[in-house]
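Atoms considered below: every heavy atom in the structure, side chains included; atoms not considered: hydrogens, waters and symmetry mates. Counting starts at 1 for both ligands and their atoms, following the listed order. This one's a predicted model, so the numbers in the text were calculated from it and none came from an experiment.
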Amino acid sequence: MARKKVVVFPGDDTAPETVYAAMEVLARLAPDIDYVEFPPGEEWVRGKTSGEARAAIDSSDTTLFGSTSGKTNAILYLRWGKQTFANVRPTRYFKGFASPLARPDGIDFVIVRENLEDLYLGLEGPLGMLAPLALTSRITREPIDTDAKGIFAIKIITERNTRRVADFAYRLARKRKAAGGKGKVTCSSKYNMLRESDGLFRRIVEETGASYPDIKYEEFIVDDCARRIVQSPHDFDVVVMPNLYGDILSDAAAGTIGGLGLAPSGCYGDDYAYFESVHGTAPDIKGMGIINPTATMLSAVMMLDYLGFADAARRFENAVRTVYAEGKMLTPDQGGRAKTADLTRAVIANL
Ligand code: IPM
Ligand code: MN
């Protein structure tokens with residue numbers, strides 16, 4: 001197999017501490033990877049140009065990305081530039097995770113979050129801008145008062161994007177079914193209220209299911225879905241939703257297994273994917289050496305699978321599992337007293 005090229009953005013605030021921990025493990029696993037490493041966000045803003053970042057990404061196989069508070073703006077290129085339309089966020093309980101639930105064993109589902117549109121296009125502005133449109137509310141049947149002081153935001157749902165993320169979700173459900181999964185796609189949006197936009201999302205996901213007769217389909221309005229994620233997470237397999245709901249509910253989902261320190265993600269397009277934790281940059285614990293690197297480590301596991309290094313991926317994942325099952329080297333967010341470096345050493349020792 002040819003060597004792979006991986007770009008690394010360590011990210012902002014405390015995120016680099018997790019990325020460097022994951023890279024230490026990757027170095028021991030030594031898959032055939034060459035790394036192109038950029039500096040953390042704080043150096044980045046004064047440092048390399050984004051043109052350089054783009055060129056590195058374009059000539060790479062994938063990117064490992066530390067969370068950003070906005071300083072590492074390469075995320076815009078990694079999502080919209082590379083059209084990584086499916087944000088895959090697994091929620092999987094490993095024995096030893098500090099779940100707040102009484103019976104977290106067996107929680108194993110994936111949120112597939114549409115990653116490019118919805119309210120994430122930054123289409124906002126003063127209400128006055130809408131005046132020429134003479135809009136009427138479908139709910140109140142009154143004209144919108146565009147003289148009021150206020151801001152609008154536009155939500156866009158396209159058929160094309162919904163169809164490709166739906167297809168991705170069904171294919172993932174099929175793959176999981178082959179490995180013993182439930183073979184089910186759940187669609188969630190606020191289709192009872194946003195009948196046109198979220199209604200379109202719901203309709204396209206359901207229609208797409210016709211091409212996957214082996215996969216079950218169900219749908220829940222997003223508020224109900226949020227409650228189910230907390231109360232009966234075991235019932236889910238693959239859950240597909242628009243961007244903003246997926247953002248919010250993937251944090252909620254992480255909460256069911258023990259928090260954001262444990263939640264990985266990968267953003268996949270047709271010809272590129274990149275990997276990042278679900279969590280933010282945890283500025284409150286910067287430099288303390290106590291951030292939980294597990295989310296970034298498990299994102300690196302997803303990256304290894306994407307690159308075709310399945311054996312290394314299993315070794316990495318099993319080592320993480322062992323460390324949690326033993327429960328001796330856990331970071332404070334998991335109720336332990338270990339440092340980031342202790343947990344990293346323990347993972348390496350169990351490879
Ligand atoms: C995430 C983050 C990002 C998002 C932010 C940093 C823009 O919260 O990846 O979940 O909302 O997508
Ligand atoms: Mn988020």
Side-chain angles (χ1 to χ4, degrees), residues 8-16 18-19 22 40-42 44-45 50 53 57 62-91 109-124 153-157 161 165 168 188-189 201 222 225-226 229-230 239-269 272-284 286 291-300 302-303 333:
V8 178
F9 295 101
D12 308 331
D13 302 321
T14 319
T18 71
V19 171
E42 289 88 304
W44 172 260
V45 274
S50 53
I57 292 165
T62 187
T63 292
L64 183 61
F65 189 83
S67 331
T68 178
S69 59
K71 293 185 210 104
T72 307
N73 65 9
I75 193 172
L76 302 180
Y77 188 62
L78 286 165
R79 289 192 183 178
W80 286 274
K82 304 305 278 185
Q83 289 287 293
T84 50
F85 58 86
N87 192 331
V88 175
R89 302 192 147 180
T91 299
F109 65 96
V110 183
I111 289 176
V112 177
R113 160 187 176 193
E114 192 289 319
N115 212 27
L116 301 177
E117 50 187 31
D118 189 354
L119 278 158
Y120 268 70
L121 286 166
L123 301 168
E124 300 179 295
I154 293 180
K155 164 165 175 140
I156 292 183
I157 304 281
N161 233 35
V165 80
F168 189 101
S188 184
S189 69
F201 190 90
V222 67
C225 190
I229 282 176
V230 174
V239 190
V240 62
M241 32 188 145
N243 206 341
L244 183 60
Y245 308 136
D247 175 49
I248 297 166
L249 291 188
S250 55
D251 274 36
T256 66
I257 53 163
L260 286 168
L262 309 168
S265 88
C267 299
Y268 299 76
Y272 199 80
Y274 82 97
F275 300 84
E276 61 176 339
S277 66
V278 171
H279 64 65
T281 64
D284 50 322
K286 183 180 173 179
I291 192 167
N292 189 342
T294 306
T296 305
M297 288 183 175
L298 294 177
S299 304
M302 292 173 75
M303 180 185 87
D333 61 300

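For ligand 1, the atoms lying closer than 4.0 Å to a non-hydrogen atom of Arg89 are 1 (C), 9 (O), 10 (O).
Under 4.0 angstrom from ligand 1, there are no non-hydrogen atoms of His279.
Residue pairs meeting the salt bridge (Lys or Arg N to Asp or Glu O under 4.0 Å) criterion with at least one partner in residues 73-88, sequence neighbours excluded, are Asp58-Lys82, Arg79-Glu276.
Residues meeting the side chain to side chain contact (heavy atoms under 4.5 Å, CB included) test with Pro16, sequence neighbours left out: Pro10, Tyr20, Pro40. For the side chain to side chain contact (heavy atoms under 4.5 Å, CB included) test, residues two or more places apart in sequence or in another chain that qualify with Ala295 are Ser277, His279.
In terms of modelled atom types and a separation under 3.5 Å, the side chain of Asn292 and the main chain of Thr294 share a donor-acceptor contact. In this structure, the side chain of Gln83 does not engage the main chain of Phe85 through any donor-acceptor pair within 3.5 Å.
Ring geometry for Phe65 against Tyr274 counts as perpendicular: the plane angle is over 60°, on a 0 to 90° scale with 30° as the lower cut.
Atom 6 (C) of ligand 1 has as its closest protein heavy atom Thr68 O, 4.0 Å. Atom 11 (O) of ligand 1 has its closest protein heavy atom at Tyr120 OH, 2.5 Å. For atom 2 (C) of ligand 1, the nearest protein heavy atom (residue, atom name, distance) is Asp247 OD1, 4.1 Å.
For the Mn ion (ligand 2), the neighbouring protein N/O/S atoms at less than 2.8 Å, given as residue and atom, are Asp247 OD1.
Among Thr68, Asp13, Thr72, the one residue that satisfies the side-chain hydrogen bond (donor to acceptor under 3.5 Å, both in side chains) test with Thr281 is Asp13.
Rounded to the nearest 0.5 Å, atoms OG (Ser250) and CG (Leu260) are 8.5 Å apart.
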